[in-house]
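Take a look at the structure below.
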Amino acid sequence: MFSGVFFKKSLIGVFVAAFTCGLAMGLTHKVKKAENLYRIALKYGVSIDRLAAFNGIKDKNSLGVGQVLKIPSGKVASPAAKVRRTPKSLRVIIDAGHGGKDRGAVWGGVRESDLNLKVALRVEASLKSRGYPVTMIRRSDVFVDLRRRSQISNRYRNCIFISIHFNATSHTGVRGVETFYVGKRGRFLAKTIQSHLVNNLKVRDRGYKFKRFSVLNDTLCPAVLVECGFISNSYERSRCNSSSYQAAVARSIVSGVEGYDRAY
Ligand SMILES: [Zn+2]
């Protein structure tokens, strides 16, 4: 009997306390043994910095047992939520040149088809993290003929097509990057990607040029073909083969896509 009354009273007490806390005073938390600011911040879904600032705490490592903390209201975006972008409507079709039985250029043990794929996969990951829908013509070392590449691309509207290649010539002194295009919008995309490549890679600028490569010509959307460096040149080959260079190429292409997306 006694316990029943007590139970009822304490329930009302808890309800009233919660009601007043929620509406008038805001949520509070009494620090228990073995608790730290990090765990409390995590529990209420607020950042540790915000919780500390809200309570005027300078030393985040000194919390007293029984200390009452005010919990800031409103959810604070977690770091993961902060980087999540709004989905983009522009689809990017990434074409890693060659593949399978078609290795492209091969110099000094370096196969163009492998480099193309490495860069393409980096571009894919980066674009997806920015909210772009991406279609990959190939994601492994397989052969895809040129007609098929265009056919896949032509399934989509509101897209751009980017073919990734590395260059080679019997004149082994030749080096630099160049980007080819068809169409007016392709020209803008090529120009934007090329300028990012030159700025980021500090390579020889061979310019952006109109050229009717069949893979570009048969593709309906704005299309470019990026030649990311000469593997026939020994200096450039070792650069092209490094992951830092490949990452910088991918970054440049992604920046080019973003520039294009802002313009159209
Ligand atoms: Zn090629």
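Computed from a prediction, not measured in an experiment: that's the story for all the values here. Start at 1 and go down the list; that is how both ligands and their atoms are numbered. In this chain, numbering begins with 1 at the start of the sequence shown.
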Does E227 put an N, O or S atom under 2.8 Å from the Zn ion (ligand 1)?
no
Which word best sums up how the rings of F213 and F180 line up, parallel for under 30°, tilted for 30 to 60°, or perpendicular for over 60°?
perpendicular
The atom name of the N, O or S atom in E112 nearest to the Zn ion (ligand 1) is OE2
- prompt: Using 30° and 60° as the class limits, which term best fits the ring planes of H165 and H98: parallel, tilted or perpendicular?
  reply: perpendicular
Check your understanding: Should the pair R175 and F230 be classed as cation-pi, given the thresholds of under 6.0 Å to the six-membered ring centre and 45° from the axis?
Key -> no
Here the N/O/S atom of H165 closest to the Zn ion (ligand 1) would be ND1
D218 and S150: side-chain donor and acceptor closer than 3.5 Å?
-> no
